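Quick notes on the structure that follows.
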There are 2 protein chains.
Amino acid sequence: MSASRDALLDRCFEVVRRHGFSHLSLREIAAEAGTSHRMLIYHFGSRDGLLAEVVGRMEAEQRALLADLVTGDADIFTVSAAFWAHLTSPEVLPAQRLFFEIYVQALYGREWTAAFRESVIRAWEEPLISLFRRAGADGDRARAHARLGLAVTRGLGLDLLMSGDRAEVDAAMTLFGELARRDLS
Amino acid sequence: MSASRDALLDRCFEVVRRHGFSHLSLREIAAEAGTSHRMLIYHFGSRDGLLAEVVGRMEAEQRALLADLVTGDADIFTVSAAFWAHLTSPEVLPAQRLFFEIYVQALYGREWTAAFRESVIRAWEEPLISLFRRAGADGDRARAHARLGLAVTRGLGLDLLMSGDRAEVDAAMTLFGELARRDLS
DNA sequence: ACGCGCATGTACCATCTGGTACATGATGCT
DNA sequence: AGCATCATGTACCAGATGGTACATGCGCGT
């Protein structure tokens, strides 16, 4: 794809990451990204087209993160801790709002979220299950642990975003780590 | 407050519960509720005013539910099970989308979500903590359990809404129940 | 019966929306 | 040098948006 298009998408992604999208018009996104709405239509076809690509960018980031984390022989506890530390770091945390904003649009069945809908649960399932298997859980239990761990991460992430109570949310995550560890050994 | 206004708000709440709000204009909400946008402005002042009242309605429902659940001498496990059963019942589950949609708008600091922002974490904290205390956890641990339990409920609720995998999500919730119970006895 | 306040309809407003038409500048390939 | 492709600007469109002005109905207390 063309370089200018990529650069444009980068900038739009940054804009959306910072401000969200649901209350931003095409023109506002364009202005914030330093271009005209005409250009966004030209490159992405429509507002939804642009949002679909932005979502794609976010998915790609998540996949990269996942690949980064499960590499090598790290166990589930190490991976979880690194994942949580990453998600709640000051640079990444604000971007989590965007994740949930997209999530909600996906729940309403918006077409441009199709790819997101496919990946948001499934992409994490297999890698997590195999990590839990390695930690000693059998089939169904590993699956339940995977699902639960992901839910805890997202639920506590939401709490942290809303409340800002980092210490208390971290304490809850630590508690969960204890509970899970106890079950697996 | 006037009866017609209340009835109108009821209907708007139903509309929003079913379809969400972020992609609905004032006129569309009005049409769906069987009135004119003129009337909504008249009664609620503005679109945001209407949304603020809708959010108030949702908060009231949640408070009523909470009061209903913690009544009497039920322990935390009974309460949690009842809460989860309620949230995931076929009538209530779709309305959860709305909860998360409001949540996201609150994360972006929309003014009409002020009341929601105040209550969404705090209203649940104290009652849950005292339930966990009764179950044998001391101060900080009870607090961490409360926070974690709420996060699990919301995280798994999100998962269920997205994936529809009721059996697997229920299994994860059951697993969490086991883990927590083991810690508390 | 009358008046008053709540409720409602009609018509309008400026502004913004996503999207298009058309012309023109750049940029590189042959 | 000339041509084609990509990129971009300007101007426009029909329709929708939140909100307002003004008139008018309807029902109740007196």
Side-chain angles (χ1 to χ4, degrees), chain A residues 1-16 18-57 98 101-102 104-106 108-114 116, chain B residues 1-16 18-57 98 101-102 104-106 108-114 116:
Chain A
M1 293 289 149
S2 89
S4 70
R5 185 191 137 109
D6 275 3
L8 206 46
L9 181 52
D10 274 350
R11 266 141 55 204
C12 290
F13 186 38
E14 265 314 295
V15 169
V16 169
R18 265 203 293 277
H19 307 299
F21 56 85
S22 54
H23 70 302
L24 251 53
S25 71
L26 197 57
R27 289 166 142 94
E28 289 169 325
I29 296 173
E32 204 79 26
T35 181
S36 65
H37 84 290
R38 172 67 182 75
M39 277 301 99
L40 297 186
I41 294 281
Y42 173 69
H43 283 295
F44 309 106
S46 66
R47 182 175 188 268
D48 284 2
L50 170 63
L51 293 181
E53 302 244 16
V54 166
V55 170
R57 195 56 72 105
L98 177 58
E101 193 176 7
I102 296 170
V104 166
Q105 294 306 309
Y108 282 111
R110 308 278 172 267
E111 293 194 6
W112 52 272
T113 64
F116 179 87
Chain B
M1 295 290 152
S2 89
S4 71
R5 187 192 135 107
D6 275 5
L8 205 48
L9 182 52
D10 274 351
R11 267 141 55 205
C12 289
F13 186 38
E14 265 315 295
V15 169
V16 170
R18 266 203 294 275
H19 307 299
F21 55 86
S22 54
H23 70 301
L24 252 50
S25 71
L26 198 56
R27 288 166 143 95
E28 288 169 325
I29 296 174
E32 204 81 24
T35 182
S36 65
H37 83 290
R38 171 69 182 74
M39 278 300 97
L40 297 186
I41 294 281
Y42 174 70
H43 282 295
F44 308 107
S46 67
R47 182 175 187 268
D48 284 1
L50 170 63
L51 293 181
E53 302 244 13
V54 166
V55 170
R57 196 55 73 104
L98 177 58
E101 193 178 7
I102 296 171
V104 166
Q105 295 306 310
Y108 281 111
R110 308 278 174 266
E111 293 194 5
W112 53 272
T113 64
F116 179 86

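Below, chains carry the letters A, B, ... as their sequence lines are ordered, and counting in each starts from 1. Note that the structure is predicted; figures quoted are calculated from it, not measured.
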Smallest separation among heavy atoms of [X] and [Y], with atom names:
| X | Y | value |
| --- | --- | --- |
| B:Tyr108 | A:Glu101 | OH-OE1, 2.7 Å |
| A:Ile41 | A:Ser46 | CD1-CA, 4.0 Å |
| B:Leu9 | B:Arg57 | CD2-NH2, 3.3 Å |

Report the distance from atom [atom1] of [X] to atom [atom2] of [N], rounded to the nearest whole Å.
| X | N | atom1 | atom2 | answer |
| --- | --- | --- | --- | --- |
| B:Ile29 | D:dG19 | CD1 | P | 11 Å |
| B:Leu40 | C:dG9 | CG | P | 11 Å |
| B:Leu8 | C:dT8 | CG | P | 7 Å |

* Asked: Who are the salt bridge (charged side-chain N to carboxylate O under 4.0 Å, His left out) partners of B:Glu32, not counting sequence neighbours?
  -> none
* Structure fact -> Heavy-atom contacts, protein to nucleotides 14-30 of chain C, under 4.0 Å, summarised as B (base), S (sugar-phosphate only) or - (none) per nt, yield ---BBBBBB--------
* Asked: How would nucleotides 25-30 of chain D be written as a contact map, 5' to 3', with B for base contact, S for sugar-phosphate-only contact and - for no contact, using protein heavy atoms under 4.0 Å?
  -> ------
Might you list the N or O atoms of the protein lying below 3.5 Å from N or O atoms in nucleotides 4-7 of chain C, with each pair's distance?
unit_1	atom_1	unit_2	atom_2	d
C:dA7	OP1	B:Ser2	OG	2.8
C:dA7	OP1	B:Ser4	OG	3.1
C:dA7	N7	B:Tyr42	OH	3.4

* Structure fact -> B:His23 meets the side-chain hydrogen bond (donor to acceptor under 3.5 Å, both in side chains) criterion, sequence neighbours left out, with A:Arg110
* To do: Could you tell me whether B:Glu14 and B:Arg18 have a side-chain N and a carboxylate O separated by less than 4.0 Å?
  => yes
* To do: With the side chain counted from C-beta on, respond yes when B:Val16 and B:Leu24 share a heavy-atom pair under 4.5 Å apart, and no when they do not.
  => no
* Asked: Under the side-chain contact (heavy atoms from CB on, under 4.5 Å) test, which residues partner B:Ala106, sequence neighbours left out?
  -> A:Met162, B:Thr113, B:Phe116, B:Arg117
* Asked: If you look at every strand shown and take non-hydrogen atoms under 4.0 Å, does A:Ser36 touch a base, only sugar-phosphate, or nothing?
  -> sugar-phosphate
* Does a donor on one side chain sit under 3.5 Å from an acceptor on the other, for B:Ser22 and B:Gln105? -> no
* **Near-ring test B:Phe44/B:Trp112, centroid separation under 6.0 angstrom** => no
